Structures are given as C-alpha cells and as structure tokens.
2 protein chains.
Amino acid sequence: MAHTLDDVNRYLREKGFRSTGARRTILEAIFGGGGHFTAEELLDTLRGRGGKVSRASVYRTLGMLVDGGFVETREFRRGQTMYEAVLGREHHDHLICTVCGKIIEFENEAIERLQDAVAREHGFTLEHHSLRLYGRCDVCGRGS
Amino acid sequence: MAHTLDDVNRYLREKGFRSTGARRTILEAIFGGGGHFTAEELLDTLRGRGGKVSRASVYRTLGMLVDGGFVETREFRRGQTMYEAVLGREHHDHLICTVCGKIIEFENEAIERLQDAVAREHGFTLEHHSLRLYGRCDVCGRGS
DNA sequence: ATACGTGCAAACGTTTTGCATATCG
DNA sequence: CGATATGCAAAACGTTTGCACGTAT
C-alpha cells in the first residue's frame with residue numbers, strides 16, 4: 001500500500017497498457033484530486049476541464065486501477081460505487097454520518113489486530129476488509 | 001434486536017399493513033429459511049414452491065422489513081443487495097471467501113467496544129456498523 | 001365500500017459491451 | 001503495420017414506479 005504515481009505508471013506499463021491521452025487525463029484527475037468520488041462525478045470533473053473522455057473509458061480505467069490496487073471501491077449508498085485513490089495513503093476505515101453524509105477517515109491498530117485474529121481463528125487468510133461505522137456526527141447529533 | 005416472528009406480525013399490524021397472501025408467503029420464506037439471499041433468489045424460492053408472487057411485491061416487502069429492522073441489507077458484491085433476516089439472531093459480522101463466496105458469521109465483543117470508542121473520539125453517536133473481512137477460507141487458501 | 005396491495009410492464013440509474021474508428025508503439 | 005484504446009450507442013443489470021385490477025378490513 002501507499003504507492004507513488006510512478007508505481008501506477010510502472011504497473012500500467014508492465015501490464016502492457018498503453019499511455020494514452022485519455023488515460024493520462026483520468027489519472028491526473030483521480031490522483032491529483034483525492035477524496036471520494038463516483039464515476040459520474042469524475043466524468044463531470046474531466047468534462048469541466050475541457051477534456052473529452054468517454055464514460056466507457058472512465059469505467060475501464062477505474063477498473064484497471066482497482067485491479068492494480070491503486071483505487072478502492074466502497075458502497076456507501078446502494079446502487080452507486082464510490083471510488084477512492086489509495087495512492088500515497090495508508091489504509092483507513094470510515095465513519096459516515098447518516099444525516100449529512102460527512103465521511104471521516106480513521107485508523108485503529110487495535111481493531112486491525114483483532115480482525116487478523118478473528119480471520120486466523122476461522123482459518124482465513126485475510127486479503128482486505130471493510131469497516132464502516134454509521135451514526136450521527138457531532139453537528140447532526142445535537143438535534144436528537 | 002433478536003425478535004420473534006410475532007414481533008414482525010405485530011409490527012406490520014401496528015403500522016397498518018394488511019396481512020395478504022403474498023406477504024405471508026414471503027415472510028414464511030424469509031424467516032423460515034434463514035441465511036443470506038438476494039431478491040432474485042428469494043423470488044426463485046417462492047416460485048419453486050408454486051407461490052405466485054411478483055418481483056415488485058418481493059422488493060416492497062423486503063423494504064418494509066428492512067425499515068422495521070427485521071431484515072438487514074449488505075453489499076457483499078457490487079451492484080447486488082444481499083438480505084439477511086435478523087429475526088431471533090444477535091448482531092454479527094462477516095468473513096467472506098473471495099474465491100468460493102462462503103460466508104462465515106462471527107461476533108467479537110472487543111472489536112465492538114473499540115468501534116464505540118472510535119466513534120466517541122470523533123463525536124459520533126453510533127447507529128450501526130458494517131464490518132466485512134475478505135480473504136481465502138481454509139479450503140480455498142490451500143492452493144496458494 | 002374503500003383504502004391498501006398486487007402484478008405487470010415500463011422506467012430508472014449505473015455499469016458493461018459490441019463495434020467501427022483512432023491511436024500507440 | 002498490428003495491437004490496443006477510444007467513443008458511441010445499445011444492452012444489461014438490479015431496482016423502482018405508474019397504473020389498472022384485486023382483496024382485506
């Protein structure tokens with residue numbers, strides 16, 4: 001984890017993928033921006049910048065990056081995939097406000113260790129995990 | 001949490017929902033079967049039993065049960081909602097085999113407590129959470 | 001009787017795909 | 001030049017909805 005942009009380019013080259021205009025534009029937007037985004041939001045960003053990239057290329061490129069482990073997907077809401085660049089970032093989990101949708105990232109070593117222990121107990125070789133805590137954030141919780 | 005079938009029926013009655021044939025058939029299949037299922041699988045089960053229930057009714061009934069807290073949804077795979085009856089069952093999380101799809105349920109008090117602590121640190125009032133551990137199960141892990 | 005539920009088929013939003021064209025190496 | 005990527009539009013997928021008809025209360 002915690003790659004650099006060079007890692008991405010090297011990975012793509014090694015896999016025999018070509019460096020095309022569309023691909024470079026998309027990579028730039030994803031790894032320059034940061035944060036969570038949907039495919040459609042990414043497409044809007046690209047179009048706003050005057051780049052002319054098709055929806056298909058956005059989805060295809062996102063797929064490659066997910067396969068390479070440079071982007072992760074999350075399903076915060078049903079029916080829409082959220083993507084997040086993991087470039088240069090360490091693993092983290094999410095707290096999601098069920099009222100305003102705010103997303104806070106956190107890391108907790110102790111939880112990670114317990115997860116490993118649970119997996120081991122059940123004979124699993126852990127590959128990755130997803131932990132999401134849903135609740136009301138400090139602001140939205142006041143009214144309850 | 002941990003309701004009985006009577007709780008479900010009482011809830012539905014109190015909400016003013018009617019007891020119809022389709023509804024009874026669906027409830028029976030969901031709470032009689034147990035386990036994880038998709039809307040389509042549930043529909044197949046119902047049809048296999050000769051019941052004639054429409055896809056629309058399946059989705060509408062599932063929605064009511066989710067609202068009532070008797071069924072929970074999970075997104076194990078992208079683009080498809082998995083449902084699970086929580087009737088008579090305590091909270092638990094999941095280990096998912098990325099090769100064969102096997103799902104193992106587990107409970108871990110220590111992890112739960114740490115989650116509460118994390119939420120508190122960030123000023124969140126926790127409502128629910130989702131923890132999924134992905135990896136290779138004991139059987140599928142041997143070949144690696 | 002009348003409000004609520006049903007089934008059907010059409011609509012929806014997201015994602016994937018087939019194919020002809022353009023581009024990279 | 002040959003292989004791969006692109007853009008488009010159509011298809012696919014799971015899910016939701018409008019509506020005329022049925023049924024529980």
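On a predicted model such as this, the values are computed, not experimentally measured, just so you know.
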B:Arg23 side chain vs B:Arg18 backbone, donor-acceptor pair below 3.5 Å: yes
Please check if the side chain of B:Asp7 supplies one atom and the backbone of B:Thr4 the other of a donor-acceptor pair under 3.5 Å. yes
Taking any atom under 4.0 angstrom from a heavy atom of chain B, which nucleotides of DNA chain D are the first and last to qualify, 5' to 3'? D:dG14 to D:dT25
Gap between atoms CZ and P, on B:Arg13 and C:dC4 respectively (whole Å): 17 Å
Show the distances under 3.5 angstrom between N or O atoms of the protein and N or O atoms of nucleotides 23-25 of chain C.
{"unit_1": "C:dC24", "atom_1": "O2", "unit_2": "A:Arg18", "atom_2": "NH1", "d": "2.7"}
{"unit_1": "C:dC24", "atom_1": "O2", "unit_2": "A:Arg18", "atom_2": "NH2", "d": "3.4"}
{"unit_1": "C:dG25", "atom_1": "OP1", "unit_2": "A:Ser19", "atom_2": "N", "d": "3.4"}

Go through A:Asp44 and A:Arg49 one step at a time and tell me if the salt bridge (Lys or Arg N to Asp or Glu O under 4.0 Å) criterion holds. CA-CA 9 Å; A:Asp44 286 350; A:Arg49 298 184 181 184; over 6 Å; no
Please state whether the rings of B:Phe17 and B:Tyr11 are parallel, tilted or perpendicular, taking 30° and 60° as the class boundaries. tilted
Considering every strand and a 4.0 Å limit on heavy-atom distances, what is the contact class for B:Thr81: base, sugar-phosphate, or nothing? sugar-phosphate
How far does the helix from C:dA1-D:dT25 to C:dG25-D:dC1 bend, going by the axes of its first and last five pairs, to the nearest 10°? 30°
Pair A:Ser19-A:Arg24, side-chain hydrogen bond (donor to acceptor under 3.5 Å, both in side chains): steps then yes or no: CA-CA 7 Å; A:Ser19 169; A:Arg24 280 190 300 271; 2.7 Å; yes
Could you go through the side-chain hydrogen bond (donor to acceptor under 3.5 Å, both in side chains) check for A:Ser130 and A:Arg132 one step at a time? CA-CA 7 Å; A:Ser130 157; A:Arg132 300 203 293 270; 3.3 Å; yes
Please report, rounded to the nearest Å, how far the P atom of C:dT14 is from the OH atom of A:Tyr83. 12 Å
Between CG of B:Leu46 and C1' of C:dT6 the distance, given in whole Å, is 14 Å
When you measure from the side chain of A:Glu41 to the backbone of A:Thr38, do you find a donor-acceptor pair of N or O atoms at a distance under 3.5 Å? yes
Among residues at least two apart in sequence or on other chains, which ones pass salt bridge (charged side-chain N to carboxylate O under 4.0 Å, His left out) with A:Arg120? none
Stepwise side-chain hydrogen bond (donor to acceptor under 3.5 Å, both in side chains) test for B:His36 and B:Glu84: CA-CA 5 Å; B:His36 309 88; B:Glu84 178 178 5; 3.1 Å; yes
5' precedence on DNA chain D between B:Met82 and A:Arg47 (nearest-nucleotide basis): A:Arg47
Heavy atoms within less than 4.0 Å of DNA chain D: which residues of residues 51-68 of chain A have one? Give them sorted by number. A:Lys52, A:Val53, A:Ser54, A:Ala56, A:Ser57, A:Arg60
Please find the pair of heavy atoms, one from B:Val53 and one from B:Ser57, that lie closest to each other, and give the distance. CG1-CB, 3.9 Å
So which residues get pulled into B:Phe124's cluster when ILVMFWY side chains under 4.5 Å apart are joined, directly or through others? A:Leu95, A:Ile104, A:Phe106, A:Ile111, A:Leu114, A:Val118, A:Phe124, A:Leu126, A:Leu131, A:Leu133, B:Leu95, B:Ile104, B:Phe106, B:Ile111, B:Leu114, B:Val118, B:Leu126, B:Leu131, B:Leu133
Decide if atom CD of B:Glu127 counts as having more than 12 heavy atoms of other residues, nucleotides or ligands within a radius under 6.0 Å. yes
Classify the ring geometry of A:Phe76 against A:His94: parallel below 30°, tilted from 30° to 60°, perpendicular beyond 60°. perpendicular
